[in-house]
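Note sheet for the following structure.
Quick note on labels: first sequence line is chain A, next is B, and so on, each numbered from 1. What you see is a predicted model, and the numbers here were worked out from it, not measured in a lab.
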Number of protein chains: 2
Amino acid sequence: MPDQPKYQRRKEDRPQEIADAAFAAFAENGYAATRIDDVAKRAGVSKGLTYLYYKTKEDLFKAVVKNVVVRRVDALIGDVESTDLSSEAFIRGPLLSFMKKVPGSPIAIVIRLLISEGPRHPDLVDYYYENVVARGLGAITKFIERGVERGEFRREALEHQPHLFLAPMMLSIIWRLIFAEKQLNTDQLMESQVDMLLTQLRA
Amino acid sequence: MPDQPKYQRRKEDRPQEIADAAFAAFAENGYAATRIDDVAKRAGVSKGLTYLYYKTKEDLFKAVVKNVVVRRVDALIGDVESTDLSSEAFIRGPLLSFMKKVPGSPIAIVIRLLISEGPRHPDLVDYYYENVVARGLGAITKFIERGVERGEFRREALEHQPHLFLAPMMLSIIWRLIFAEKQLNTDQLMESQVDMLLTQLRA
DNA sequence: ATAGTTACTGACCAAAGAGTCAGTAAAGGC
DNA sequence: GCCTTTACTGACTCTTTGGTCAGTAACTAT
């Protein structure tokens with residue numbers, strides 16, 4: 001029987017492993033009800049090690065919440081800027097499919113955490129506003145404007161369109177966060193809305 | 001100097017006073033971060049008294065969350081059933097004005113609490129689904145159907161209309177829960193949506 | 001091998017907070 | 001006034017948990 005070492009030193013990977021475990025724990029139990037000890041167990045390390053990489057529970061929380069969403073939004077914005085589809089085709093294609101994915105993705109969890117913990121972490125809220133919301137809305141707005149310039153869309157009535165595109169997605173997210181099991185065809189909801197908005201936008 | 005009694009016995013009023021204080025505390029801090037001692041202080045009573053009227057913290061929480069919303073929804077449903085306005089006039093009038101009020105009302109707080117604590121209190125979620133969501137959606141659906149019977153609305157495409165009416169309200173609620181200060185004209189958002197939906201519904 | 005470095009462990013501490021209960025005093029009946 | 005009832009208080013207990021740190025053992029260099 002080979003003597004198995006009690007643990008391996010894996011300086012490089014630990015922080016991410018702990019962050020992943022923490023995300024799962026926060027997702028299940030929320031911030032306050034999550035025990036650091038529990039996070040450590042999930043990550044397969046001791047509590048002490050968690051404190052080596054993250055100074056406090058709050059630090060861990062913030063670090064975790066920040067790194068979940070940004071790269072997804074980056075990807076979407078990249079798509080928007082590089083696509084050669086017509087505006088309508090892009091909206092019906094990649095944008096709609098992105099919106100359909102969100103309610104079942106970690107983004108939804110982050111929204112739950114922002115709703116429950118946001119008020120006690122204003123800097124986290126600011127971070128999300130700047131890096132996710134503002135950029136996301138900006139991208140959609142730019143995209144509608146491009147449609148206008150190309151003569152695909154009418155100029156008027158685009159005041160609040162970006163938000164209206166997102167509204168059924170938001171409803172779907174919340175619905176699933178609260179009533180996970182109760183059926184609601186959220187995909188169809190978003191499709192109807194997109195249809196409706198495009199009809200109104202079309203030149 | 002009259003000797004002031006240390007306290008008054010007010011058996012009738014205490015439960016409600018404690019519940020109100022608890023709602024305020026839960027709204028500010030969430031469930032886990034709320035101290036019973038704090039609730040008691042807000043209500044101007046001792047911690048012990050809280051436990052006389054509510055067996056546990058969880059009992060208190062559930063009692064509080066249940067009694068905030070139901071009577072408002074009752075009122076709305078009462079309106080729906082007794083109005084003599086045309087369907088469109090009712091939607092543009094009382095329904096829209098109800099939806100505008102919600103994001104700044106205690107209902108929004110309840111939604112926050114359901115999102116953060118719902119998973120750990122499934123019976124509370126069920127209660128809300130039955131008493132608020134199902135009844136609310138039912139009322140709107142009935143109302144659209146009435147419009148159809150009267151020849152005001154087209155029959156088709158009313159599949160998911162009730163949810164679409166509510167979607168921008170949901171977005172507004174969440175927006176204000178997270179980004180309280182950041183401006184967004186949520187009223188106008190809901191008006192645009194109602195316009196759009198009515199245009200589509202109109203016979 | 002052996003010594004040195006440090007990633008990692010786990011027992012520990014101190015604070016906080018849910019829930020209890022013996023005792024107090026306010027109201028009401030006589 | 002006095003007695004009884006019970007709404008109410010507040011000090012106490014016991015558990016939980018965030019955070020610390022002295023010690024251990026996995027790797028590295030020589």
Does Leu49(A) or Ile36(A) map to a spot on DNA chain D nearer the 5' end, using the closest nucleotide for each?
Ile36(A)
Nearest-nucleotide pick for [X], side chain only, options being [options]:
X	options	result
Arg9(B)	dG19(C), dA27(C), dT24(C)	dA27(C)
Leu52(A)	dC8(C), dA18(C), dA27(C)	dC8(C)
Lys57(A)	dT9(C), dG18(D), dC8(D)	dG18(D)
Ser46(A)	dG10(C), dC8(D), dG19(C)	dG10(C)
Tyr51(A)	dG10(C), dG19(D), dG10(D)	dG19(D)

Round to the nearest Å and state the distance from [X] atom [atom1] to [N] atom [atom2].
X	N	atom1	atom2	answer
Asp13(B)	dA7(D)	CG	P	13 Å
Asp59(A)	dT20(D)	CG	P	11 Å
Lys11(B)	dA27(C)	NZ	C1'	13 Å
Phe61(B)	dA18(C)	CZ	P	14 Å
Leu60(B)	dG19(C)	CG	C1'	13 Å
Gln16(B)	dA7(D)	CD	C1'	18 Å
Glu12(B)	dA27(C)	CD	C1'	13 Å
Asp38(A)	dG18(D)	CG	C1'	14 Å

Within the distance-only criterion (no hydrogens, no angle test), does the side chain of [X] pair as donor or acceptor with the backbone N or O of [Y] below 3.5 angstrom?
X	Y	result
Gln193(A)	Pro168(A)	no
Tyr31(A)	Ser116(A)	no
Tyr128(B)	Ile178(A)	no

Taking the nucleotide of DNA chain C with the closest heavy atom to each, which residue, Lys6(B) or Ala32(B), is nearer the 5' end?
Ala32(B)
[N], OP1 or OP2 - any side-chain N/O from [X] closer than 4.0 Å?
X	N	value
Tyr7(B)	dT24(C)	no
Arg35(B)	dG17(C)	yes
Arg14(B)	dA7(D)	no

What does Tyr53(B) touch in the nucleic acid at a heavy-atom separation under 4.0 angstrom: a base, only the sugar-phosphate, or nothing?
sugar-phosphate
Base, sugar-phosphate, or nothing for Thr34(B), non-hydrogen atoms under 4.0 angstrom?
sugar-phosphate
Do the rings of Phe61(B) and His121(B) sit parallel, tilted or perpendicular, given the 30° and 60° boundaries?
tilted
Think Lys11(A) forms a cation-pi with Tyr53(A), using NZ or CZ under 6.0 Å from the six-ring centre and within 45 degrees of its axis?
no
Tell me whether Lys182(B) at atom NZ has more than 12 heavy atoms from other residues, nucleotides or ligands lying less than 6.0 Å away.
yes
With distance as the sole criterion, do the side chain of Lys47(B) and the base of dG19(C) form a donor-acceptor contact below 3.5 Å?
yes
